[in-house]
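Remarks on the structure that follows.
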Number of protein chains: 2
Amino acid sequence: MGTAERKAKEKEELKARILGAAKKLFAEKGIEQTTIRSIAKEIEYSVGTVYVYYKDKTEILHDLHQQGFAQLGGEFRALFHVSDPMERLKALGRIYMKFALENTQMYDLMFNMKAPMEFIKANEDHHWKEGNATFDALRKTVQECLDHGYFKGHQLEPLSFAIWGSVHGMCSLYIRDRVKAATGQEPDQLMNSAYEDLMFMFSRK
Amino acid sequence: MGTAERKAKEKEELKARILGAAKKLFAEKGIEQTTIRSIAKEIEYSVGTVYVYYKDKTEILHDLHQQGFAQLGGEFRALFHVSDPMERLKALGRIYMKFALENTQMYDLMFNMKAPMEFIKANEDHHWKEGNATFDALRKTVQECLDHGYFKGHQLEPLSFAIWGSVHGMCSLYIRDRVKAATGQEPDQLMNSAYEDLMFMFSRK
DNA sequence: TTGTTTTATTGAACAACGTTCATTATGTTT
DNA sequence: AAACATAATGAACGTTGTTCAATAAAACAA
């Protein structure tokens, strides 16, 4: 029957509106200021309604973190037309860093905050498919680099993780306000120079 | 007069007890469970008393983060008897990582959480002396490495930051539960292998 | 010792948070 | 039109960090 379908669609729509409001507030004010009440106010519904569509806040944050991975994943996929693996690796890192610096709150949610992982632990089968897919893109590229004679003597898995960790670390220190505070340098400039330094070392045959 | 001195000492003592209780709860239960009320309960004082000695929670967390840096700084200083700079660099990284994995909550506070930096911004002159001192130990060692012909063509400042970021990134991903979730590997083992991989690349002349 | 003043401690009360759930409103079906 | 099902509500609960008038304790002065 048609009513059931329409209702299902309406429910989907409202859920999407909730998520949209959360995303907006999240990007604008950060997670601290993104309360359930503020989300409800944004879409002009009551607090209770939010809880009809989302069982708790971690589920909202998990959905949000998925959107972030959808975006980053898309940008990653677009880079697979770069055939030279080392060039692609550098490009992947650049895009990753750009994403982090331009979407600090979202990056923080994806790679630093505990909420999404807690949701996965509690509701899904401990399997972080978004993280896996993204890491796969890196791993695949690193494997091709190995095949082309780069990273001689290194093993795929730890090497890939080390590369991920390296870029993530700089982004993380940036987002969590440690860069300027510790180095005294202009952060954005330092980030770029440091990234070049890293990639230079990585790309030595 | 003697009473004033004694009183000052007693105040110091109680403040230290508050911090000690905070440290204990913090290490045991994590920051989420370390509430002002739980600290007050631990030392058998009322909530109000805590606020006589600490103006707010960020100040407690800042003092705690200082203790962490005192410990890490001490371990760093002990490594300066290693004369070979590259050996020392490797040792510094190892100790840093060991500290992170063995004191996850404290490391998180020192390098990830916002509270200590917010306190510094609001109360001190924007100068993160703990971070500066620690970064200096790294920078000094990196400079000696440069003097010994390592890292040819790199600049001290961005290079040092890149190295810090690399190790921090792996620790951070570990602490924030992304390692196993994304790689599917046994985390501790992966951390060690990845660290070796990094240091191998760093130490190439 | 007694009265006065200063200092230390208290815990009820506040605002804001995530969350719940009986109640109300709306829409659908018979 | 009545009966039923679904959706939306917002007051209320338990916790959080934080404040502050009231109380207790200690120090000082006579």
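Protein chains get the first letters and strands the later ones, always in sequence-line order, with residue 1 at the start of each.
One interatomic measurement links the two molecules: CD1 of Ile39(A) to C1' of dC17(C), which rounds to 13 Å at whole-angstrom precision. Between the OH atom of Tyr53(A) and the C1' atom of dT6(D) there is a distance of 10 Å, rounded to whole Å. The distance from atom CD of Glu59(A) to atom P of dT19(C) is 11 Å, rounded to the nearest whole Å. Glu44(B) places its CD atom 14 Å from the P atom of dT9(C), with the value rounded to the nearest Å. The interatomic distance linking Ile18(A) (CD1) with dT9(D) (C1') rounds to 14 Å, in whole Å. Lys11(A) places its NZ atom 19 Å from the P atom of dT26(C), with the value rounded to the nearest Å. Rounded to whole Å, the distance from CD on Glu10(B) to P on dA25(D) is 15 Å. The NZ-C1' distance, from Lys41(A) to dC17(C), rounds to 15 Å in whole Å.
Counting all heavy atoms, side chain and backbone alike, Gln105(B) lies closest to Gly30(B) at OE1-CA, 3.4 Å. For Ala22(B) against Ile39(B), the heavy-atom pair with the smallest separation is CB-CD1, 3.8 Å.
Under the 6.0 Å cut-off for aromatic ring centres, Tyr195(A) and Phe161(B) do not qualify, their centroids lying 6.0 Å or more apart. Between Tyr96(A) and Tyr107(A), the ring center distance clears the sub-6.0 Å criterion. Between Trp128(A) and Phe135(A), the ring centre distance reaches or exceeds 6.0 Å. Between Phe111(A) and Phe69(A), the distance from one ring center to the other falls under 6.0 angstrom.
Nucleic acid contact class of Leu14(A) (heavy atoms, under 4.0 Å, all strands): sugar-phosphate only. When heavy atoms are screened at a 4.0 angstrom cut-off, Tyr54(B) is found touching no nucleic acid atom at all.
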What N/O pairs connect the protein and nucleotides 16-23 of chain D at under 3.5 Å? Give each pair on its own line.
unit_1  : atom_1 : unit_2   : atom_2 : d
dG17(D) : OP1    : Lys57(B) : NZ     : 2.8
dG17(D) : OP2    : Ile36(B) : N      : 3.2
dG17(D) : N7     : Arg37(B) : NH1    : 2.8
dG17(D) : O6     : Arg37(B) : NH2    : 2.9
dT18(D) : OP2    : Tyr51(B) : OH     : 2.8
dT18(D) : OP2    : Lys57(B) : N      : 2.9
dT18(D) : O5'    : Tyr51(B) : OH     : 3.2
dT18(D) : O4     : Arg37(B) : NH2    : 3.4

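Open room surrounds CZ on Phe200(B); 12 or fewer heavy atoms of other groups in view lie less than 6.0 Å from it.
Close to dA8(D), at under 4.0 Å from its OP1 or OP2, lies no side-chain N or O of Ser46(A).
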